Number of protein chains: 2
Amino acid sequence: MRKADRTRAAIQQAAFTLFAQRGLHGTTMRQIAKTAGVSLGNAYYYFPGKEALVFEFYELMHQQLLKASLDSVNANQTLATRLESFLIQYFMSIEAFHTLAREVLAGAIHPSSPMSPFSQASRDLRQRTIDLFHELGGTDIKSHPLQSRLPLLLWLMHLALTLYWIYDLSPEKAKTHQLVKLSCRLSGQLIKITRLPLMSSMIKQIRAMFLAHEKETL
Amino acid sequence: MRKADRTRAAIQQAAFTLFAQRGLHGTTMRQIAKTAGVSLGNAYYYFPGKEALVFEFYELMHQQLLKASLDSVNANQTLATRLESFLIQYFMSIEAFHTLAREVLAGAIHPSSPMSPFSQASRDLRQRTIDLFHELGGTDIKSHPLQSRLPLLLWLMHLALTLYWIYDLSPEKAKTHQLVKLSCRLSGQLIKITRLPLMSSMIKQIRAMFLAHEKETL
DNA sequence: AACCTATTTTGAACATGTTCAAAACATGAG
DNA sequence: CTCATGTTTTGAACATGTTCAAAATAGGTT
């Protein structure tokens with residue numbers, strides 16, 4: 001039993017190393033098996049396929065990102081600045097993985113991928129991230145008309161910015177960082193302004209959208 | 001010279017037929033070649049790879065979508081209803097392709113894909129679609145503080161809805177249709193309300209976001 | 001120890017996207 | 001017509017993800 005664990009770990013480790021060295025596409029299952037000192041078929045005994053390996057890497061990467069980002073958010077500033085410092089840290093952490101993160105995240109967009117932000121497989125990770133935005137919201141969202149839905153909206157914003165990051169070719173991803181800054185300020189204002197009675201009709205509609213989305217589809 | 005054209009057309013036709021019959025993944029280059037009555041290598045003489053065939057299919061499909069959708073927008077109602085009838089038609093046209101459209105559009109999200117909505121290869125198609133939203137805007141956007149940027153925003157909304165559609169598993173894609181209806185009304189109201197002086201600070205920030213994005217990156 | 005069963009490992013085989021050198025073909029010049 | 005040159009076509013070969021039946025191994029039972 002211990003042997004099996006060691007074999008599995010060796011394969012996983014080999015995969016992670018090679019992913020970091022040569023990227024996702026650049027790494028073949030044969031390379032992984034050889035590096036792990038194991039036969040090709042054996043890799044498939046422990047992992048259903050290459051994608052499973054990528055998924056585990058994705059989970060690890062994402063957890064690291066969240067942890068690193070969270071560290072930078074203990075000061076009790078405004079919601080906008082909390083958001084901003086979180087996202088800046090988030091994207092800096094991603095940057096550490098260079099092109100690999102781009103490859104992983106790009107693959108994650110595909111609906112059939114278990115890494116898809118909307119997939120069942122990544123549900124835990126997703127929920128934890130959304131919860132994180134809940135904490136980040138602090139007291140600012142407590143009395144807001146959209147209440148419990150705000151974290152999901154903030155999560156969607158973070159998703160949109162990540163999508164922008166994937167495509168961003170500007171040096172140092174300057175555009176993404178600029179956009180992060182502006183988005184955070186804007187969302188801070190939006191959250192304030194949507195409290196006004198003037199906005200109640202729109203709030204009602206946004207709530208209707210959530211209700212439509214949340215409807216069960218058995 | 002004529003022969004070459006006919007061969008190319010035969011390969012393309014075979015590909016389109018098979019795509020429709022068995023989907024993208026279900027179709028192999030060997031099947032395409034065999035159906036076209038041509039050798040495997042020959043298909044690669046005319047098309048750089050399978051993706052090129054998919055791209056041509058994507059272009060055709062998208063043009064059909066836009067044409068069909070456009071037909072349904074000649075009545076001079078409000079912006080919201082114009083938007084809605086356009087999008088309803090758009091998604092109904094997509095539905096005609098069943099799972100194939102889902103496969104194509106899902107693949108199109110990938111940054112490395114020439115079909116990516118942000119890629120250079122699909123620039124023409126993208127610009128034409130954005131222009132279409134410009135027309136759709138009609139007089140409602142002429143005097144708006146965001147002016148020429150509104151079509152792009154509407155295009156982004158349509159993109160977001162398409163993304164939602166890809167993941168939507170509700171019967172008849174009911175959720176997407178519900179969301180389309182609500183989104184159109186909401187954006188109509190948003191466009192009205194953003195004219196108020198109260199909103200000028202936020203408009204300024206949105207403009208700043210556009211400027212950051214449009215900055216050249218040589 | 002001998003044996004049995006379940007787990008682990010292997011290597012060959014397959015399907016498919018892609019490449020390429022050689023063969024077949026077409027076309028215009030002499 | 002014959003040849004030379006450029007175009008088109010072919011089929012074999014390759015790389016890689018994946019599957020699978022058989023072999024090897026481990027762990028417990030008698």
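If you're wondering where the values come from, they're calculated on a predicted model, not measured in any experiment. We name chains A, B, ... by the order of the sequence lines, and we start the count at 1 in each one. Values below: all heavy atoms of this structure, side chains included; hydrogens, waters and symmetry mates excluded.
With hydrogens and angles disregarded, a donor-acceptor distance shorter than 3.5 Å links the side chain of A:His158 to the backbone of A:Trp155.
Note on the helix from C:dA1-D:dT30 to C:dG30-D:dC1: angle between the axes of the first and last five pairs equals 30°, rounded to 10 degrees.
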Throw together a table of side-chain donor-acceptor distances under 3.5 angstrom for residues 117-124 of chain B, partners on residues two or more places apart or in other chains.
{"unit_1": "B:Ser119", "atom_1": "OG", "unit_2": "B:Pro114", "atom_2": "O", "d": "2.6"}
{"unit_1": "B:Ser119", "atom_1": "OG", "unit_2": "B:Ser116", "atom_2": "O", "d": "3.1"}
{"unit_1": "B:Ser119", "atom_1": "OG", "unit_2": "B:Ala121", "atom_2": "N", "d": "3.4"}
{"unit_1": "B:Ser119", "atom_1": "OG", "unit_2": "B:Ser122", "atom_2": "N", "d": "3.3"}
{"unit_1": "B:Ser119", "atom_1": "OG", "unit_2": "B:Ser122", "atom_2": "OG", "d": "3.2"}
{"unit_1": "B:Ser122", "atom_1": "OG", "unit_2": "B:Ser116", "atom_2": "O", "d": "2.8"}

What side-chain donor-acceptor pairs closer than 3.5 Å can you find for residues 178-186 of chain A, not counting sequence neighbours?
{"unit_1": "A:Ser183", "atom_1": "OG", "unit_2": "A:Leu179", "atom_2": "O", "d": "2.5"}

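Residue pairs meeting the salt bridge (charged side-chain N to carboxylate O under 4.0 Å, His left out) criterion with at least one member in residues 36-47 of chain A, sequence neighbours excluded, do not occur.
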Please write out the pairs of protein N or O atoms and N or O atoms of nucleotides 13-17 of chain D separated by less than 3.5 Å, giving the distance to one decimal.
{"unit_1": "D:dG17", "atom_1": "OP1", "unit_2": "A:Lys50", "atom_2": "NZ", "d": "2.9"}
{"unit_1": "D:dG17", "atom_1": "OP2", "unit_2": "A:Met29", "atom_2": "N", "d": "2.8"}
{"unit_1": "D:dG17", "atom_1": "N7", "unit_2": "A:Arg30", "atom_2": "NH1", "d": "2.8"}
{"unit_1": "D:dG17", "atom_1": "O6", "unit_2": "A:Arg30", "atom_2": "NH2", "d": "2.9"}

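B:Asn42 has its CG atom 12 Å from the C1' atom of C:dA24, to the nearest Å. The nearest whole Å value for the distance from the OH atom in A:Tyr46 to the P atom in D:dT18 is 18 Å. Taking atom CZ of residue B:Phe47 and atom C1' of nucleotide C:dT19, one finds them 18 Å apart after rounding to whole Å.
Between A:Tyr45 and B:Glu51, the residue anchored closer to the 5' end of DNA chain C is A:Tyr45, taking for each the nucleotide with the nearest heavy atom.
Scanning residues 98-106 of chain A for heavy-atom distances under 4.0 Å to DNA chain C yields an empty list.
Ion pair A:Arg149/A:Glu214 flagged as a salt bridge, since at least one NZ, NE, NH1 or NH2 atom sits closer than 4.0 Å to an Asp/Glu carboxylate oxygen. A salt bridge links A:Glu56 and A:Arg8; the closest N-O separation between the charged side-chain nitrogens and carboxylate oxygens is under 4.0 Å.
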